[in-house]
A.B. asks: 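Can you keep this structure in mind? I'll have questions shortly.
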Amino acid sequence: MSKHQVLVLHGPNLNLLGSREPEIYGHQTLDDINESLVNLGAELGVSVNAQQSNHEGVLIDTIQAARTDGTKAIIINPGAFTHTSVAILDALNAFAGQVIEVHLSNVHKREAFRHHSYVSQRADGVIVGLGARGYELALRALVA
Ligand code: CA2
């Protein structure tokens, strides 16, 4: 049984945050974002476990593990897999807790291929376009 109640899951290329395209994705690194979330979780009384993978199967394995390790909710930015992955949708459908989908950029202001999300079909809430603050708002919404 994991001691973590909220899983924050970041998909492909999000490990590059802070190094390129700051006008789209901001200046914070993924470590900065995760550290803020762990600290906010401590303030709010929930434990946060942040993970990132560039591999679809690893993301699915992590979601599957969350079904049985005590995880109550998932905040997920599936990166480009948002727009392609029925397999991540299926894995989230097998998870019983709350799911919030977060995107740093406003995907609806961007290319048409970013306008559709498989994950939104499962998500209880979706936050787009607010940068790293979107993760913070998602965590606050889960605890509220
Ligand atoms: O806006 C988001 O959070 C996205 O999920 C980010 C994905 C993109 O494919 C989605 O359409 C929207 C891409 C993440 C790439 O992250 C980078 C960060 C820094 C430098 C290069 C890529």
Side-chain angles (χ1 to χ4, degrees), residues 2 4-44 46-67 69-144:
S2 158
H4 300 291
Q5 295 161 298
V6 177
L7 170 65
V8 179
L9 196 52
H10 306 279
N13 296 310
L14 289 161
N15 55 313
L16 299 177
L17 281 178
S19 68
R20 283 185 48 225
E21 305 190 77
E23 64 290 351
I24 303 178
Y25 299 119
H27 289 278
Q28 280 185 282
T29 66
L30 195 64
D31 283 348
D32 294 335
I33 292 171
N34 289 339
E35 197 186 317
S36 302
L37 289 171
V38 168
N39 291 339
L40 177 63
E43 255 175 59
L44 298 174
V46 293
S47 55
V48 171
N49 171 28
Q51 304 281 335
Q52 186 273 334
S53 179
N54 292 325
H55 305 278
E56 189 173 16
V58 173
L59 293 166
I60 291 165
D61 288 345
T62 306
I63 295 165
Q64 285 190 10
R67 297 172 67 229
D69 70 359
T71 300
K72 299 278 186 289
I74 299 176
I75 297 171
I76 184 167
N77 181 347
F81 290 144
T82 305
H83 319 298
T84 63
S85 182
V86 176
I88 289 176
L89 170 62
D90 287 346
L92 289 169
N93 277 333
F95 173 75
Q98 293 265 108
V99 175
I100 300 190
E101 176 183 356
V102 172
H103 297 285
L104 295 157
S105 63
N106 180 356
V107 286
H108 300 292
K109 230 176 156 179
R110 302 181 65 192
E111 303 95 323
F113 64 82
R114 296 187 205 273
H115 296 180
H116 177 261
S117 164
Y118 285 101
V119 169
S120 292
Q121 186 125 10
R122 164 65 179 88
D124 298 293
V126 181
I127 299 173
V128 304
L130 299 181
R133 200 161 151 70
Y135 296 104
E136 180 195 321
L137 294 169
L139 187 56
R140 288 187 185 277
L142 285 171
V143 174

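Counting starts at 1 for both ligands and their atoms, following the listed order.
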A.B. asks: One pair to check against side-chain contact (heavy atoms from CB on, under 4.5 Å): I63 and I76. What are the steps and the verdict?
C.D. replies: CA-CA 10 Å; I63 295 165; I76 184 167; 4.2 Å; yes
A.B. asks: For ligand 1, which atoms sit closer than 4.0 Å to a heavy atom of H83?
C.D. replies: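 Ligand 1 atoms under the 4.0 Å threshold to H83: 10 (C), 11 (O).
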A.B. asks: Ligand 1 and R114, any nitrogen or oxygen pair closer than 3.5 angstrom?
C.D. replies: yes
A.B. asks: Could you work out, for atom 7 (C) of ligand 1, the closest of P22, G79, A132 by heavy-atom distance?
C.D. replies: G79
A.B. asks: Got a sec: does the CD of E56 have more than 12 other heavy atoms crowding it under 6.0 Å?
C.D. replies: yes
A.B. asks: Could you tell me whether R67 and D69 make a salt bridge, using a distance below 4.0 angstrom between a side-chain N and a carboxylate O?
C.D. replies: no
A.B. asks: Give the atom numbers and elements of ligand 1 that come within less than 4.0 Å of a heavy atom of A80.
C.D. replies: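 Listed by number with element: 9 (O).
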A.B. asks: Looking at ligand 1, does any of its N/O atoms fall within less than 3.5 Å of an N/O of N77?
C.D. replies: yes
A.B. asks: Please state which part of V107 comes within less than 4.0 Å of ligand 1, counting heavy atoms only: side chain, backbone, both or neither.
C.D. replies: side chain
A.B. asks: Hey, is H103 touching ligand 1 through its side chain, its backbone, both or neither, going by heavy atoms under 4.0 Å?
C.D. replies: both
A.B. asks: Would S19 count as being in polar contact with ligand 1, using the rule that some N or O on each side must be under 3.5 angstrom apart?
C.D. replies: no
A.B. asks: Just checking R133: does its CZ atom have more than 12 heavy atoms from other residues, nucleotides or ligands closer to it than 6.0 angstrom?
C.D. replies: no
A.B. asks: Go through the steps for D31 and E35 under the test side-chain contact (heavy atoms from CB on, under 4.5 Å), then give the verdict.
C.D. replies: CA-CA 6 Å; D31 283 348; E35 197 186 317; 5.9 Å; no
A.B. asks: For atom 2 (C) of ligand 1, what's the nearest protein heavy atom and its distance?
C.D. replies: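 Among all protein heavy atoms, the one nearest atom 2 (C) of ligand 1 is L104 N, 3.4 Å.
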A.B. asks: Could you check atom 6 (C) of ligand 1 against the protein and tell me its nearest heavy-atom contact, residue, atom and distance included?
C.D. replies: Y25 CE2, 3.6 Å
A.B. asks: Sort out for me which residue in H83, E101, R122 forms a side-chain hydrogen bond (donor to acceptor under 3.5 Å, both in side chains) with S117.
C.D. replies: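 The residue from H83, E101, R122 that satisfies side-chain hydrogen bond (donor to acceptor under 3.5 Å, both in side chains) with S117 turns out to be E101.
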A.B. asks: Show me the pairs that pass ring pair (Phe, Tyr, Trp, His ring centres under 6.0 Å) and involve residues 124-144, at least two apart or across chains.
C.D. replies: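 For residues 124-144: H10-Y135.
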A.B. asks: Name the closest protein heavy atom to atom 1 (O) of ligand 1, giving the residue it belongs to and the distance to 0.1 Å.
C.D. replies: S105 OG, 2.5 Å
A.B. asks: Give yes if a backbone or side-chain nitrogen or oxygen of L16 is under 3.5 Å from a nitrogen or oxygen of ligand 1, and no if not.
C.D. replies: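 L16 vs ligand 1: no N/O contact under 3.5 Å.
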A.B. asks: Got a sec, which pairs hit salt bridge (Lys or Arg N to Asp or Glu O under 4.0 Å) with one end in residues 77-96, sequence neighbours left out?
C.D. replies: none
A.B. asks: Check this for me: Q121, atom CD, are more than 12 non-hydrogen atoms of other residues, nucleotides or ligands nearer than 6.0 Å?
C.D. replies: no
A.B. asks: Suppose we measure from atom 14 (C) of ligand 1 to each protein heavy atom; which comes out shortest, and what is that distance?
C.D. replies: L14 CD2, 3.8 Å
A.B. asks: For ligand 1, is any non-hydrogen atom under 4.0 Å from R20's backbone (N, CA, C, O), its side chain (CB onward), both, or neither?
C.D. replies: both
A.B. asks: Starting from atom 15 (C) of ligand 1, locate the nearest protein heavy atom and write down its residue, its atom name and how far away it is, to 0.1 Å.
C.D. replies: N13 CB, 3.7 Å
A.B. asks: Using the rule given for side-chain contact (heavy atoms from CB on, under 4.5 Å), can you reason through I75 versus L37, listing the C-alpha separation, both sets of side-chain angles and the distance that settles it, and then say yes or no?
C.D. replies: CA-CA 11 Å; I75 297 171; L37 289 171; 5.8 Å; no
A.B. asks: Which atoms of ligand 1 sit under 4.0 Å from any heavy atom of E21?
C.D. replies: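 It comes down to these atoms of ligand 1: 21 (C).
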